[in-house]
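It should be emphasised that the depicted structure is a prediction, and the values quoted were computed from it without experimental measurement. Residue numbers begin at 1 in each chain, while the letters A, B, ... track the order of the sequences. Values below: all heavy atoms of this structure, side chains included; hydrogens, waters and symmetry mates excluded.
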Amino acid sequence: MIVSPKKIIAVCSLLFCLLLGVILASLSLGAAKIGVAQVLQVIHAVYVDNPTGPERLIILSVRLPRILLAGLVGAALAVAGCSFQALLRNPLADPYILGVSSGSALGAVSAILFGLSATSFGMPLASFCGAIITVMLVFHVGKVGRGLHINTLLLAGVIISAFFSAIIMFLISAAQKEDLSKIVFWLMGDFSDSNYHFILITLPYIAGGMVALYSCARGLNLIVMGEETAIQLGIDVERLKKMAYIFASLITAAAVSVCGLIGFVGLIIPHSVRMLFGPDHRLLIPASALMGACFLIASDTIARTIAAPTELPVGAVTATFGAPFFIYLLKKRRV
Amino acid sequence: MALIDVKEISFRYADQWVIEDLSFRVEAGEFWGIIGPNGSGKTTLLKILYGLVDPQRGRVFIDGGELRQIRRPDIAKKIAVVPQEAQISFPFTSLEVVLMGRSPYLGRLQFEGRDDFEIAERAMRLTDTLRFSRRSINELSGGERQRIFIARALAQEPEIILLDEPTSNLDISHQVEFYDLISRLNREKNLTILTVSHDINLASEYCRKIILLKGGRIFKMGSPGEVVAEESIRQVYGSRVLVDENPVTGAPRITLLRKDPSNIGNPEAQAK
């Protein structure tokens, strides 16, 4: 399957229709039963007049921001996953593999314990800062001379993750009961606090990061063939590695900061898209973004409806689907 | 003007010099072999020739331009490299891999055009790989995969092809097939070839000039007849060999001799 602009547009239009379908379905599902027709009516009414009523409130102020945020995060994690898999030349890598998750978790847990979670931006900010500090730390440890050394980077990520996890364990053991459930929900990922502000503050990072990564798409194809091969084919590999690492980490940090650690999206989405549409990143990146959005919106819809009125952490849902799929991939992997 | 002009280069990793004061010139259309024992600097020399590493002393000129001042994509338009072996865990098809050879000619967001497809197809026809253009590179045999890498190199439309022990994982039939192909490209396309080889017989059979390296220096350089001699091989490799002629082509041929000849003709000792 050779990628051409035509094919990219065709595949992405198809996936975009799928995404719209998933969004509509998700808008109509929930504790309050609202039919798809009624959902469409409310959306249409926004353009005509300014209607009020409980449906409007539920759809526009409760469900829609949550759905959009889940879509944005799903897209971000999937694209970050594509980039990390190419950078590490390992189709089973995920966005958390270099320690971004542990840094943001440390930030978020600290915020909860020090009472910053009372303000709505305390946790995202603390988590984002924790992630960025980790990214810089891992980058510095992983740098050999002027270049990034991939194996050193990987080891640095693992060690710094382990260190931060230890600190998190200390903090958790000293935590109060009411803080503990918050921490657990954050560590498993949770969209129940979603609002439009979260979308607006993360969108620039995520959109900018995605554009930057997409501009590296052909280089990512080549780096998968080996760093020396990429250089032989005229690519500035050191620049490419830094771009991929920094922007993939940035969009992961932004995504995680507003919803906590949601696993498996960044692992199984790029992998499944590769199985469906081939490994060319010029198609893989946009298709993964759309599929990631669909998958996470669907997972979050399940998380908030299946045990209603109780909500599950969305990470529990993605892991329920993701873990068996991952094992299936491992078993059928041919290398 | 020589196509490749290497002037007094020296290169070291940390404090160990692996290439010392090395000079040679390669004219367009020549077929060179680089031989020498493990650690003699063969692969490092190749890496210097395409600019992967920069020698601390001396200079390399390609087509009159100094290598370190040529931009990477421009180097890739002149020099293609065929690797020894590649582990790829992503399922690119053969055609996709060959099209990657067009990379130096494409802009950051540019897609392959009709010309690029035609060039890739021609490269695959020359290497007889068109049949499996839709198959994943991971599914191919070692010999087929090496031919795909030659096709990718040809898609770069280079003047020079460097090969790093390209046949070390192939059986004898595929080794000969591979070098026959390279040799044909050298003659018909006037491509300049430099190949690093562990197999002295293959090198002396196909190459017209041979560099014998010892400890990062050129021990001997010249035609196979001049370089592949019992005394030189003994001094460089420390092993005793017998050199005679290939009865068909007349190229020098080495026969390995045991280091411990005492048990020759004693099957019981051999069985132990």
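- Interface check for chain B: of the options A/V224, A/D236, A/V237, the most heavy-atom pairs under 4.5 Å are formed by A/V224.
- Within 6.0 Å of the CZ atom in A/F325, the count of heavy atoms belonging to other residues, nucleotides or ligands exceeds 12.
- Exactly one residue among B/L162, B/V82, B/V81, B/I79 makes a side chain to side chain contact (heavy atoms under 4.5 Å, CB included) with A/Q232. That residue is B/V81.
- In this structure, OG1 in A/T229 is found 7.0 Å from CZ in B/F149, a value given to the nearest 0.5 Å.
- Rounding to the nearest 0.5 Å places CD of B/E96 at 4.5 Å from CD1 of A/I2.
- Heavy atoms of A/L284 lying under 4.5 Å from chain B are absent altogether.
- The 12-atom threshold is not exceeded at CZ of B/R25, counting heavy atoms of other residues, nucleotides or ligands nearer than 6.0 Å.
- When A/M275, A/E228, A/R89 are compared by the number of non-hydrogen pairs under 4.5 Å with chain B, A/E228 comes out ahead.
- Proximity to chain B is limited to the backbone of A/S4, based on heavy atoms less than 4.5 angstrom apart.
- Within 6.0 Å of CZ in B/F178 there are more than 12 heavy atoms belonging to other residues, nucleotides or ligands.
- No other option in B/S136, B/G51, B/P104 has as many heavy-atom pairs under 4.5 Å with chain A as B/P104.
- B/Y50 touches chain A through its side chain: at least one heavy atom from C-beta onward sits under 4.5 Å away, while N, CA, C and O do not.
- Separation of atoms CG (A/D280) and CE (B/M100) is listed at 7.5 Å; rounding is to 0.5 Å.
- Comparing B/G107, B/A153, B/A80 by how many heavy-atom pairs each has under 4.5 Å with chain A, the most go to B/G107.
- Interface summary for chain B: among A/R274, A/R282, A/Q85, the most heavy-atom pairs under 4.5 angstrom belong to A/R282.
- Considering all non-hydrogen atoms of both residues, B/F90 and A/P279 come closest at CB-CB, 4.3 Å.
- Here the CD1 atom belonging to A/I231 is positioned 5.5 Å from the CZ atom belonging to B/R72, to the nearest 0.5 angstrom.
- Between A/R218 and B/L106 the shortest heavy-atom distance is NH2-O, 3.3 Å.
- Residue B/I75: no heavy atom, backbone or side chain, is found under 4.5 Å from chain A.
- Between B/S103 and A/I235, the closest heavy-atom pair is OG-CD1, 4.1 Å.
- Put simply, of B/R108, B/R102, B/E112, B/Q110, the one with the most heavy-atom pairs under 4.5 Å next to chain A is B/R108.
- With a threshold of 4.5 angstrom between heavy atoms, B/K77 does not approach chain A through any atom at all.
- Counting non-hydrogen atoms of other residues, nucleotides and ligands closer than 6.0 Å to CZ of B/R184 gives a total above 12.
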